[in-house]
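Contents: one structure, followed by commentary.
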Amino acid sequence: MSEAKPSLDVVTGPEASAPVAWWQHAVVYQIYPRSFQDSNGDGVGDLPGITQRLDYLRWLGVDAIWISPIYPSPMADFGYDVTDYTGIEPMFGTLHDFDHLVEEAHRRHLKVILDYVPNHTSIEHPWFQESRSSRDHPKRDWYLWKDPGVETSNVETSDVETSRPDGGPPTNWVSNFGGHAWSLDPQTGQYYYHAYLPEQPDLNWRNPAVQEAMFDALRFWLDRGVDGFRVDALRQMIKDDQWRDNPPSDEGPTSQNPYDALKPLYTTDRPEVMDLVRKMRRILDEYGARTGMPRVLIGELYLRIERLVAYYGEDGEGCQLPFNFHLISTPWKAPVIADLIQRYEAALPPHGWPNWVLGNHDQHRLATRLGAAQTRIAAMLLLTLRGTPTLYYGDEIGMPDVPIPEGRVQDPWEKRVPGRGLGRDPERTPMQWDNTKGAGFTTEVPWLPLADDFEQRNVAVQRKDHDSILSLYHRLIQLRRRTSALHRGAYDWVKSQGHVLAYQRSAEDQAYLIVLNLGDQPAAWNVEGTGKVAVGTHRQREGEGFSGTVTLAPNEGVVVRMG
Ligand code: NOJ
């Protein structure tokens with residue numbers, strides 16, 4: 001095979017010897033609390049359940065857990081509709097259970113990151129109940145209320161339903177979950193705005209009283225020792241103050257998702273969002289300075305790279321980790337991923353620390369998107385790229401999407417826009433711990449069905465099997481933890497050739513080469529020098545020395561210690 005041509009220039013990184021904060025070298029693990037571990041036999045996971053499983057997480061080697069919302073909620077959107085920002089949903093436990101979880105996690109050197117849901121409350125939140133009670137209520141302005149159809153707009157949206165000025169919704173804005181984003185409240189004759197469900201009214205973040213109340217919620221949890229927040233729907237927090245219609249998108253009606261019919265120009269990523277990010281960050285930094293333990297601000301931001309990196313802030317006063325979801329949406333092809341890494345690295349501001357995500361509770365499972373053979377490659381990629389990786393529970397045992405029978409659908413999105421594959425239940429099914437009835441998740445009927453294959457695919461079976469994907473995750477995480485080239489090193493280069501993606505990372509005098517075959521044919525990669533396989537997707541390769549050429553089976557990847 002001929003010498004691989006560099007398809008990309010050298011990619012630079014920061015000085016590998018610079019000190020890094022815990023959230024930079026950490027591996028973050030997302031827990032969807034309803035589905036992790038049920039401790040009281042109601043078929044729904046809970047906080048004591050998470051505490052029971054901390055030893056597993058410690059064994060796996062992750063450094064931080066991010067827990068999806070655990071606040072009191074009527075569960076219209078499974079916790080992303082909050083009625084009290086400083087309480088615990090009884091289904092999940094009590095504040096005492098929460099404190100115990102934080103204490104036990106910290107005892108094991110695991111950080112705890114909470115989900116913060118600032119864009120909207122539940123319709124049942126007392127603030128909204130007061131706000132809707134009359135047009136004169138002092139909390140009226142805590143939400144976004146508008147008269148029917150009186151706003152005018154000069155933006156042509158002929159393809160899109162606008163329904164004004166006959167008393168319909170004030171703008172053409174659509175909900176992320178389908179349908180109008182405005183609902184009429186008959187009692188006061190005005191519409192309120194909701195970026196998601198009508199049961200999730202958006203807060204008015206231009207109101208300083210809203211800001212103060214919501215910042216107090218951050219302080220409440222920081223006082224209880226939490227190590228950071230993942231901020232939900234961050235790009236949605238401010239809407240256009242001129243209430244302009246969104247223009248039609250280029251994709252138009254071809255998309256499966258009705259939300260994509262419009263460009264969310266006036267409803268997302270408004271310039272003023274960054275002011276709020278700065279304020280949140282300042283609060284976290286105050287706590288960090290006071291306690292000597294930095295707190296992390298993670299932003300949920302589905303944005304193109306150029307806009308995403310703006311959330312680091314010009315001087316690093318924004319999110320430390322604006323979630324980078326691009327590996328989820330990018331075609332799984334070696335040159336495309338090499339190009340993505342390059343573009344992302346090039347776009348990062350000097351102080352910007354990269355991060356990568358391969359799955360979460362809103363996306364189809366990795367194993368379903370890529371197929372079983374590539375899930376090992378994906379694990380190796382995620383855990384060897386520069387920057388903080390976030391794992392989604394269950395991906396470490398290769399859980400695929402679980403088909404949900406019609407009668408058991410839970411997700412409101414699937415209920416509102418059925419049959420288009422938008423529903424998120426398949427990726428939220430219970431964690432498969434062992435082969436007992438209930439998969440070790442519950443002793444009763446789980447809230448979502450278990451995968452048919454849980455008796456074979458579970459933590460207990462895979463922990464004993466050195467060739468399992470779980471064992472691979474374990475080895476990769478352990479290697480990453482002890483290897484500075486991997487947890488903080490720079491890229492020497494990133495290249496692709498055919499279906500092979502390769503990069504080399506180094507720190508101090510260590511260099512590690514990663515070669516991943518994204519194709520289903522054997523491949524080879526030529527390198528200068530010699531090395532030894534440290535971790536392989538195919539375990540029998542580990543320890544193998546090579547010189548000149550690395551040969552790879554279909555879907556095989558290796559991490560090689562050079563020299
Ligand atoms: C993003 C969350 O990840 C998703 O699960 C939720 O439905 C929406 N934001 C609304 O909070």
Side-chain angles (χ1 to χ4, degrees), residues 28-36 45 66-83 85 89 113-125 128 143-144 173-179 181 183 192-203 205 214 217 229-239 257-259 264 267-269 273 298-303 308 311 319 321-325 328-329 357-365 390-394 401 409-417 421-429 447-448:
V28 180
Y29 183 96
Q30 181 191 356
I31 291 176
Y32 194 67
R34 296 181 66 90
S35 296
F36 200 59
W66 148 37
I67 313 173
S68 286
I70 48 173
Y71 315 108
S73 166
M75 299 285 160
D77 188 19
F78 295 106
Y80 286 96
D81 47 323
V82 177
T83 53
Y85 286 98
E89 162 62 37
I113 298 169
L114 284 189
D115 213 311
Y116 178 57
V117 190
N119 178 67
H120 44 267
T121 68
S122 161
I123 198 167
E124 293 178 26
H125 196 295
F128 188 74
Y143 292 83
L144 298 165
W173 299 349
V174 287
S175 152
N176 283 262
F177 288 154
S183 287
Y192 65 91
Y193 176 74
H194 48 87
Y196 295 90
L197 297 174
E199 293 86 352
Q200 294 168 295
D202 279 38
L203 282 163
W205 272 88
M214 287 300 292
F229 297 92
R230 171 267 190 188
V231 185
D232 184 65
L234 179 54
R235 71 187 178 134
Q236 317 260 359
M237 283 178 71
I238 293 279
K239 312 353 129 167
N257 183 355
Y259 181 77
T267 41
T268 68
D269 192 26
V273 176
I298 305 176
E300 190 213 14
L301 293 156
Y302 285 92
L303 290 172
L308 178 65
Y311 284 82
C319 297
L321 301 175
F323 258 155
N324 168 12
F325 299 122
I328 297 175
S329 48
V357 180
L358 265 173
N360 63 39
H361 63 297
D362 296 326
Q363 305 293 336
H364 292 303
R365 284 273 184 190
T390 301
L391 313 182
Y392 182 49
Y393 88 94
D401 277 0
V409 169
Q410 301 274 355
D411 184 17
W413 198 1
E414 179 65 28
K415 290 181 180 169
R416 282 167 69 94
V417 191
L422 299 174
R424 300 163 296 174
D425 295 331
E427 61 261 26
R428 296 176 175 180
T429 61
W447 76 289
L448 279 173

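The shown structure was predicted, so the numbers you read here are calculated from the model rather than taken from an experiment. Counting starts at 1 for both ligands and their atoms, following the listed order.
With sequence neighbours excluded, the residues satisfying ring pair (Phe, Tyr, Trp, His ring centres under 6.0 Å) with Y302 are F325.
Using a 30° and 60° split on the angle between ring planes, F177 and W413 fall in the tilted class, from 30° to 60°. Using cut-offs of 30° and 60° for the angle between ring planes, the Y32 and H361 rings count as parallel.
Residues with a heavy atom under 4.0 Å from ligand 1: D77, Y80, H120, F177, Y196, R230, D232, E300, H361, D362, R424, R428.
Across Y193, F128, W205, a single residue satisfies ring-ring contact (aromatic ring centres under 6.0 Å, His included) together with Y143, and that is F128.
With respect to R428 and D362, a salt bridge is recorded, a charged nitrogen being found less than 4.0 Å from a carboxylate O.
A side-chain donor from one of D77 and Q200 sits under 3.5 Å from a side-chain acceptor of the other.
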